[in-house]
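Along the sequence shown, residues carry numbers from 1.
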Amino acid sequence: MLGSVPNLFRITANSPAALEGYLGLNGALAKGSLTPQTRERIALAVAQINGCDYCLSAHAYLGKTLAKLDEAEIAANRNGGSTDPKADAAVRFAVKLVLDRGQVSDADVSAVKLAGYSEAEIVEIVAHVALNTLTNYLNEAFDTPIDFPVVSTKVA
C-alpha cells in the first residue's frame, strides 16, 4: 500500500507469530466500525503519550495522506483531543485508557456513549489503544529507524 515495507514490519517479522498477531488484529480492526480518521486520531494520541517518534511519524504521514487529516486536527490529536466533537470523545477516552492503564471509570465510558459511540465501537477504541501500544513498545524497544517524514513527540 505504501510502496515499500515499513521498518516496523521488518522488526516485527523477526517473530512470525508476532507479525501474524499484529497483522491479524490490524486487519480485523480495519473492518470495524471506527472511521479511518478516528483510527488515525487514536494512533496519534497514543504515540504522543508513549513517546514513540516512529509511530508518531508514521501516523502523521498516514493521517495526512490516507485519512486526509489537516495539521490542526493532527495537533489536536497529539494534544489528546480532536476538532471534531464526536471524535474528541473517542480520542479523550483513548488517552484515559493509556494514562490510567485501562482503569477508566463508568463516567468515562458513559461520556463516550453520550458522544454517540456504541459498545462495539468502544471495544474497538480499546483494541486500537492496545494495538498502537504494541507497535509503540516494539519501535521504542528496538529503536526502529524512522522511514517516514520525521515527527518528534518532543514538539507537540
Short side-chain donor-acceptor distance under 3.5 Å, S82 and D88: no

Residues which pass side-chain contact (heavy atoms from CB on, under 4.5 Å) with A18, listed by chain and number, not counting sequence neighbours: T12, S15

Ring-ring centroid check F9 Y22, cutoff 6.0 Å: yes

Side chains of C52 and Y137 in contact at under 4.5 Å (non-hydrogen atoms): no

Modelled atom types, side-chain donor and acceptor of Y54 and N7, under 3.5 Å: no

Common cluster, L56/L69, ILVMFWY with side-chain heavy-atom separation under 4.5 Å: yes

Side-chain donor-acceptor pair present, T83, E73, cut-off under 3.5 Å: yes

D53 and V150, any side-chain heavy atoms less than 4.5 Å apart: no

Sub-4.5 Å side-chain heavy-atom contact between V46 and H59: no

Same apolar cluster (I L V M F W Y, side chains within < 4.5 Å links), V104/L114: no

Check: A72 main-chain N/O paired with D70 side-chain donor or acceptor under 3.5 Å: yes

Pairs of donor and acceptor atoms involving the side chains of residues 121-131, under 3.5 Å and at least two apart or interchain, shall be tabulated with distances.
| unit_1 | atom_1 | unit_2 | atom_2 | d |
| --- | --- | --- | --- | --- |
| E121 | OE1 | S118 | N | 2.8 |
| E121 | OE1 | S118 | OG | 3.3 |
| E124 | OE1 | S33 | N | 2.8 |
| E124 | OE1 | L34 | N | 3.2 |
| E124 | OE2 | S33 | N | 3.1 |

Side chains of F142 and L8 in contact at under 4.5 Å (non-hydrogen atoms): no

All pairs passing salt bridge (Lys or Arg N to Asp or Glu O under 4.0 Å) where residues 102-120 contributes a residue, at least two apart: K96-D108, K113-E119

Y117 side chain vs K86 backbone, donor-acceptor pair below 3.5 Å: yes

E140-N136 side chain donor-acceptor pair, cut-off 3.5 Å: no

Same cluster (ILVMFWY, side-chain, under 4.5 Å), I49 and L134: no

